[in-house]
Amino acid sequence: MANAESDIPPFRYSSTLAQDIELRWQDWWEANRAFEAPNPAGPLADPEGVAGREKLFVLDMFPYPSGTGLHVGHPLGFIGTDVYSRYKRMAGYNVCYTMGFDAFGLPAEQYAVQTGQHPAITTASNVANMRRQLRRLGLSHDPRRSIDTTDPGYYRWTQWIFLQIFNSWYDTDAGRARPIGELIAALESGSQATPDGRPWPSLSVAEQRAVVDDRRMAYVSEAPVNWCPGLGTVVANEEVTADGRSDRGNFPVFKRNMRQWMMRITAYADRLIDDLDLLDWTDAIKTMQRNWIGRSDGARVRFASVAGDIEVFTTRPDTLFGATFMVLAPEHPLVAGLTTQNQAAAVTEYQRAAAAKKEVDRQDVGKAKTGVFTGSYAINPVNGVSIPVWIADYVLMGYGTGAIMAVPCGDQRDFEFAGLFDLPIPAIQEPPAAWFAEHGIDPSLDTSTWPLAFVGDAPYVHSTNADGLALDGLSSVAEGKRLTNEWLAAHGCGEGTVNFKLRDWLFSRQRYWGEPFPIVYDELGPIGLPDESLPVVLPETDSFAPRTFDPNDEFSNPESPLDRLDWWTEVEMDLGDGLRSYRRDTNVMPQWAGSCWYELRYLDPTNENQFVDPQVERYWMGPKGNGHPGGVDLYVGGVEHAVLHLLYARFWHKVLFDLGHVSSVEPYYRLFNQGMILAAAFKDPREIYVEATEVVERDGQFFHGDEPVTREWGKMGKSLKNAVSPDEMYDAYGADTLRLYEMSTGPMDASRPWETRDVVGMYRFLQRLWRNLVDEETGALRVGPAADPATMRLVHRTIDGVRADMDGLRINTAISKLIELNNHLTKLGACPADVAVPLVLMIAPLCPHVAEELWAKLGHTSSLIREPFPVADPALLIADTIEMPVQVNGKFRSRIVVAADASDADVEAAALADPKVGNSLNGSTPKKVIVVPGRTVNIVV
RNA sequence: GCCCGAGUGGCGGAAUGGCAGACGCGGAGGACUCAAAAUCCUUUGUUCGAGAGGACGUGUGGGUUCGAGUCCCACCUCGGGCACCA
C-alpha cells in the first residue's frame, strides 16, 4: 500500500498528470486569449484576423444556470460543438463559438422567495459556478462574447426589440411587418381605411389610438388566456401540457378572459411553415413545427339561423351537400339565441356539465360522443335544406369558429354522432369497390350498411343544385373544393380560407424575475418608451413572489410583484407633450424572450449603440449562397425545444428581418439535436429512488444494501438520484478522457446510457498514445524512425477518414479510426517521427490538453489551435495491391490479393485460381462471374 | 388512433447494396508481482469439430438482387411527437 505510488512510472499518463496538463493549458489559453474570434468591425474588430478566412458560427442552446451545477449528462452537446469548432478552426475557419446564460426564470425566483436572497445574487453565483465547470472541460469559447440575459446591458436590447415589435404592424398585402409610423401615415392619407370606414380625422384621439394599437405586432388584448392560480401567473399555450396543467409546477390551468400582452405570431404562420424548406433541420423537427402551426386549407361557410348567421370552418367545402346537421361548441355565443324553450333545460345542463369537465376528459378521443339539440335549425346555403343545430363538446371553441357543419358520410366523428342520435347520413360520394371490399361489405349508397365514414377521392352524387354548383360525376376532391369555394364566394355565403392551430403568443407574466416591459400607460392605453429611456431596470424589492392562490381557484386574479411597488410604477416623464404622470406596465416578459435573439448579441456583445452592428451581423449571419440562406451555421441542442424556443426565435428573427435589422430570413440554418445521456436509476420496493452509486449487482439482480431494487433508465439528474458529477471524472481520469468517452459512446444525435465503468477505455487509449510518444520514466519525447510505407498509408487513410467524420459530426467513428492508428503504432513500439505531427494534430480537437502538451514536447513553442489540420496525400490513399473477398453464390469463401489496377479478367482469373474457391466449386463450372472492381468477386454456379 | 424514429454479441455501438460485429467495455487465459491493484500481451457472436474447416447468425414473415443489417411489402416490439383540430 505504502509503495503503491512508486510502482507507477513517474511520467505515465495518470489522472494526476492529466489534471496538471489540463489546468496548465486552460490557464495558457486564457492568458493568451487563444479563442477570440475577430469581427470585421467594431470593438472586436481585427481585419487581418478576418481576411482570407471563411466564417463559421457554431452555437449551443445556452443553459439555464441552475444552482445544482452540471452533471455529466449536460455537456454532451457542448463537447460536440467544441470538437467541431476546434476542428474547423484548424481547417482555417474564423469560428464564432461562445456560451451565454439564459438566467431569467422561475427557479431563481422561487429560491429568492424561500430565502429572501435577491435572484440577481443567486444567478451571479450560479453563472460563475457554471463558467468554472465549463472551463474545466476545456471548451474553446470566446469569453468576450459571453452574455447573461439578466444583465441590463443585455435586456436593454431585449426591451428594444420588444419596442420594435410593438412599433410595427403586419402588412398582409406586402406580406411583411412594417413600422407603425407607415400605418399611421396611410390612415392619415386615407390609403388605409379605418375599421368602420369613418374618415381618420373624424375619429377622436382615443379612437385613433385604439385603431393603431389594434394593428400592432405586440398588443394588449382581452383574450382567452391560460390562468394558473397555483403559479399566480398566466402561461402560453405552449406551456400547457396535454392534460391541461402547467408545464412548470403541474398546476391546473384555466381558460379565462384577461387583458394581457400578445404577440402576433399568427401573422407569420405561413412564412414559418414555408421557410422550413430553406433549413437543414431533421424532418422530425420540421414536422413538429408544421403540426404545431397546424395549417389547414378550407372554407368559411355561413348558415342562416334565427340567431343570425352561424359561421363554420371546414376543410371539405365540397361535402356541403352531405351536411345534415350542425354542431356548436357548448360555449358558442350563439347557443343562447338558438336554444328553444323546450330545449332550454337540457342545453343549460349540458353546458354546465361541459364547463365542469377538465380539458383532459373533453379531449379523450376514445370516449363516446355526447350532445344536445338546441331546438333550432339553420339553412344549408347550397341546397336550402333546413338542418338541426346541436351542441356537443367534441367541437372546441378554441379552433376554427367553434362551430362545424356535420357531414356524417364523410367524417368519422360526425358519422358516430349521427349514428348515436339517429340523424340522417346521406351518401354524397360513391366510394370505390376496393373500399367496400376492404371493409367486407357490398357496394351500396345505403350508408346504414357502412361501418364508417368514407374519406377520399370518389365521384360525387346528389351534389348539384339549381343555382350553378354541379359536382356530380366529378371525382377529384381538390376540384370539388375549388368549385364550391368559387360558388360560395359568388353567392356571398362563404369563401375559401386558411385556418391555423397556432394562436397568438401570450407574452406577459405576472412574476418578478424577468424583463420589465418598456411600456407606460396613460388614460388611453399603452405607450412605448423612447429608446433613450432603456434599459427599464428591474426595480429592487424584497418581495419577489406573485400572489398565488389555491391551484383550483379558477376565479382568482393575477397580482404581479411589480404591482406592489408604487414608487416604481407611478412615474412622471416627458414623452413629447410635457411632464405628465404615467403608470408603468407591471408585467415581465416570459423566459423565452431572452433566448429569442441571443445569438445576435454574441456577435457584438459590447455595442452600446445598436443591438448588433449591421456589418458584423452580415459577416456572421448573412446569406452565403449555394442554398445557404444565412443564419447560424450549426445550432446544437435538445429536441425538447423543437416547438417553443425555435418557433419564438424564428418569429422574432423574421420581424427583425422585415424591419431591416438583420440580413437572414432565418436565424438557425443547420439544427442538430443531440441525444440525451441516460443513466440507470433504481427503485426500492416502496417505489422510492435510491442512490444509484450505492446499488450493487449480484447474480444479475440489483441490491441496495440487502434490499432488492428494480432498475430503469432515465434522464440523468437529481430526481432519479443517478447524477454523476464531472468533478468525479476529472479526479479519476481528467477532462480529456471525459470528452473522449462522451464522444465515443455513440453518434451525437443518439441518446445513450452512461456507464462509469466504460470510461476507463478512453483513459487507456490516451495512456497508450502518450506512451507511444513519451518516455514514461523521463518524460522526454521518444519517437521511432521514419514510418514504413504501410504505416504511412494508414496515417493518410486515417486523416482522410477523420476529416470526413468530423465534417459529418460523426465524432464517434473519428475516434475509433484514431484508436486503430494508435494501436498500430503501439505494435511498432513507438510512434515514427514523421507520424507524430499528424497524429497529435488529429487528436487535438478531441482531447486538446494532452495534444497541446505533446505538441510542446515535439518542440513547438506555441499552441496548435490554429495549426492546419492534416491533409491526406491522395497518392497514399491508393495501395499497389488490394485484397478482395471472393464469394461463391453470394457466400464468402476466400480472399485474393490482386494489383490495384488489375483488369476484371485478371481478377476473375485470380479468383478462379484460388484453391479454396476451387474446393467450394467442387468441379462445377461457373455460370457467371461478377467482378465489382475494388470490392468483391462473386462466382455463380 | 395518426405521424416520425429505432430494433445488430453479455453491454455501448460500427458497417457508399459487396468479408456483419470496426472501436470501446465486460469475460477468459497469460506476463509482471510474495500477492493484489495498475499496466502489458493473447483471446472472445453462437454452434459442430481434436484440427483443418464447416453450419447458423443483424426483431418476425415474405420479396427484389449475382449478392440484403442496408432496398420493397406486411407484421411485432420499443422510443418520441400529436391527438375529437372540423
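Because the structure is predicted, anything quoted here is derived from the model rather than measured. The figures here come from the full heavy-atom set of this structure, side chains too, leaving out hydrogens, waters and symmetry mates. All chains are named by letter (A, B, ...) in the order of the sequence lines, taking the proteins before the strands, and each is independently numbered beginning at 1.
The separation between Glu776(A) atom CD and rC40(B) atom C1' is 10 Å, rounded to whole Å. Rounded to whole angstrom, the span from the CZ atom of Phe11(A) across to the P atom of rU39(B) amounts to 20 Å. What separates CD of Glu742(A) from C1' of rG13(B) is a distance of 16 Å, to the nearest Å. The distance between atom CG of Leu678(A) and atom P of rG80(B), rounded to the nearest whole Å, is 10 Å. Rounded to an integer number of Å, the gap from OH of Tyr733(A) to P of rC25(B) is 11 Å. Going from atom CD of Glu820(A) over to atom C1' of rG13(B) covers 14 Å, rounded to whole Å. The interatomic distance linking Glu311(A) (CD) with rA86(B) (C1') rounds to 14 Å, in whole Å. Note: CZ (Phe765(A)) to C1' (rC40(B)) measures 17 Å, nearest angstrom.
Salt-bridge check for Asp277(A) with Arg290(A): passed, with a basic side-chain N closer than 4.0 Å to an acidic carboxylate O. A salt bridge links Asp805(A) with Arg810(A): the distance from a Lys NZ or Arg NE/NH1/NH2 to an Asp or Glu carboxylate oxygen falls below 4.0 Å.
Atom name C1', nucleotides rA20(B) and rG57(B): the rounded distance is 9 Å, in whole Å. Going from the C1' atom of rG69(B) to that of rU16(B) covers 15 Å, rounded to whole Å. Nucleotides rG63(B) and rU8(B) have their P atoms positioned 24 Å apart, rounded to a whole Å. The P atoms of rG24(B) and rU44(B) are separated by 14 Å, rounded to the nearest whole Å. A distance of about 15 Å separates the P atoms of rG12(B) and rG79(B), rounded to the whole Å. With both ends at atom P, the span from rA6(B) to rG17(B) equals 14 Å, rounded to whole Å. Rounded to whole Å, the P atom of rG9(B) lies 13 Å from the corresponding atom of rG45(B). Only the C1' atoms considered, rC56(B) is 15 Å distant from rG21(B), to the nearest whole Å.
Side-chain N/O atoms of Asp758(A) and base N/O atoms of rC25(B) include no donor-acceptor pair closer than 3.5 Å. For a distance-only test at 3.5 Å, the side chain of Arg895(A) qualifies as a donor-acceptor partner of the base of rC19(B). Side-chain to base pairing of Lys369(A) with rC84(B): one donor and one acceptor N or O lie within less than 3.5 Å of each other.
OP1 or OP2 of rA14(B) has at least one side-chain nitrogen or oxygen of Asn812(A) nearer than 4.0 Å. Gln887(A) has no side-chain polar atom (N or O) that falls below the 4.0 Å cut-off from OP1 or OP2 of rC66(B). Phosphate contact (OP1/OP2 of rA86(B), side-chain N/O of Ser296(A), threshold under 4.0 Å): present. In this model, the phosphate group of rG81(B) is not approached by any side-chain N or O of Arg290(A) to a distance below 4.0 Å at OP1 or OP2. Contact annotation: Arg768(A) does not reach the phosphate of rC23(B) (side-chain N/O to OP1 or OP2, under 4.0 Å). In terms of phosphate contacts, Lys891(A) brings a side-chain nitrogen or oxygen within less than 4.0 Å of OP1 or OP2 of rC56(B). Checking the phosphate oxygens (OP1, OP2) of rU65(B), no side-chain nitrogen or oxygen of Asn938(A) falls inside 4.0 Å. One finds a side-chain N or O of Arg764(A) lying less than 4.0 angstrom from the OP1 or OP2 phosphate oxygen of rG26(B). Distances shown here put every side-chain N or O of Arg12(A) at or beyond 4.0 Å from the OP1 or OP2 atom of rA38(B). Within the structure, every side-chain polar atom (N or O) of Arg935(A) is placed at least 4.0 Å from both OP1 and OP2 of rG17(B).
Aromatic ring centres of Trp281(A) and Phe672(A): separated by at least 6.0 Å. Ring centroids of Phe11(A) and Trp770(A) are separated by 6.0 Å or more, keeping the two rings apart.
Minimum atom distance to the side chain of Arg771(A) is reached by rC40(B), of the listed rC40(B), rA20(B), rA86(B). The side chain of Ala284(A) approaches rC4(B) more closely than any other nucleotide in the set rC84(B), rC4(B), rA86(B). Closest approach to the Val932(A) side chain among rG18(B), rC41(B), rU39(B) is made by rG18(B) (side chain taken as heavy atoms from C-beta onward). Among the nucleotides rG12(B), rC19(B), rA86(B), the one closest to any side-chain atom of Val395(A) is rA86(B). Relative to the side chain of Arg757(A), the nucleotides rC84(B), rC25(B), rG54(B) differ in distance, and rC25(B) lies closest. For Phe892(A), whose side chain is taken as the heavy atoms from C-beta onward, the closest listed nucleotide among rA15(B), rC19(B), rG13(B) is rC19(B). Between rA86(B), rC84(B), rC40(B), one nucleotide has an atom nearer to the side chain of Thr314(A) than all others, and that is rA86(B). Side-chain atoms of Lys928(A) lie closest to rC66(B) of the nucleotides rC19(B), rC66(B), rA86(B). Among rU39(B), rG12(B), rA86(B), the nucleotide with an atom closest to any side-chain atom of Thr745(A) is rG12(B). Checked against rC41(B), rC85(B), rC19(B), the side chain of Glu883(A) finds its nearest nucleotide in rC19(B).
Side-chain contact between Asp736(A) and Tyr13(A): present, with at least one pair of heavy atoms (C-beta onward) separated by less than 4.5 Å.
Remark: rC40(B) base-pairs with rG30(B); criterion is Watson-Crick or G-U wobble with both hydrogen-bond distances under 3.5 Å. As the counterpart of rG17(B), no nucleotide is assigned, since no Watson-Crick or G-U wobble pattern has both distances under 3.5 Å. Taking a pair to require two hydrogen-bonding distances under 3.5 Å in either a Watson-Crick or a G-U wobble arrangement, rG10(B) pairs with rC25(B). Figure legend. rU58(B) is base-paired to no nucleotide; pairs are counted as Watson-Crick or G-U wobble with both atom distances under 3.5 Å. Across all strands shown, rA52(B) has no partner, as no Watson-Crick or G-U wobble contact with both distances under 3.5 Å is found.
Side chain of Thr319(A) to main chain of Gly322(A): no donor-acceptor pair is present (N/O by atom type, distance under 3.5 Å, no hydrogens or angles). A donor-acceptor pair under 3.5 Å is formed between the side chain of Asn938(A) and the backbone N or O of Gly890(A).
For the ring pair (Phe, Tyr, Trp, His ring centres under 6.0 Å) with Tyr741(A), the qualifying choice from Tyr763(A), Tyr733(A), Trp754(A) is Trp754(A), the only one to do so. Evaluated for a side chain to side chain contact (heavy atoms under 4.5 Å, CB included) with Leu839(A), the options Asn772(A), Thr798(A), Leu821(A) yield exactly one hit, Leu821(A).
Under a cutoff of 6.0 Å and an axis angle of 45°, Lys369(A) and Phe417(A) do not form a cation-pi pair.
An anti base is found at rG63(B): its glycosidic angle is more than 90° from 0.
Among the protein residues, Ile930(A) comes within range of the nucleic acid bases, having at least one heavy atom under 4.0 Å from a base atom. The residue Arg893(A) sits close only to the backbone: its heavy atoms come under 4.0 Å of sugar-phosphate atoms, none of a base.
Projected onto RNA chain B by closest heavy-atom contact, Arg810(A) and Gly761(A) fall at different nucleotides, the more 5' of which corresponds to Arg810(A). Position along RNA chain B of the nearest nucleotide to Val937(A) versus Gly746(A) favours Gly746(A) as the more 5'-ward residue.
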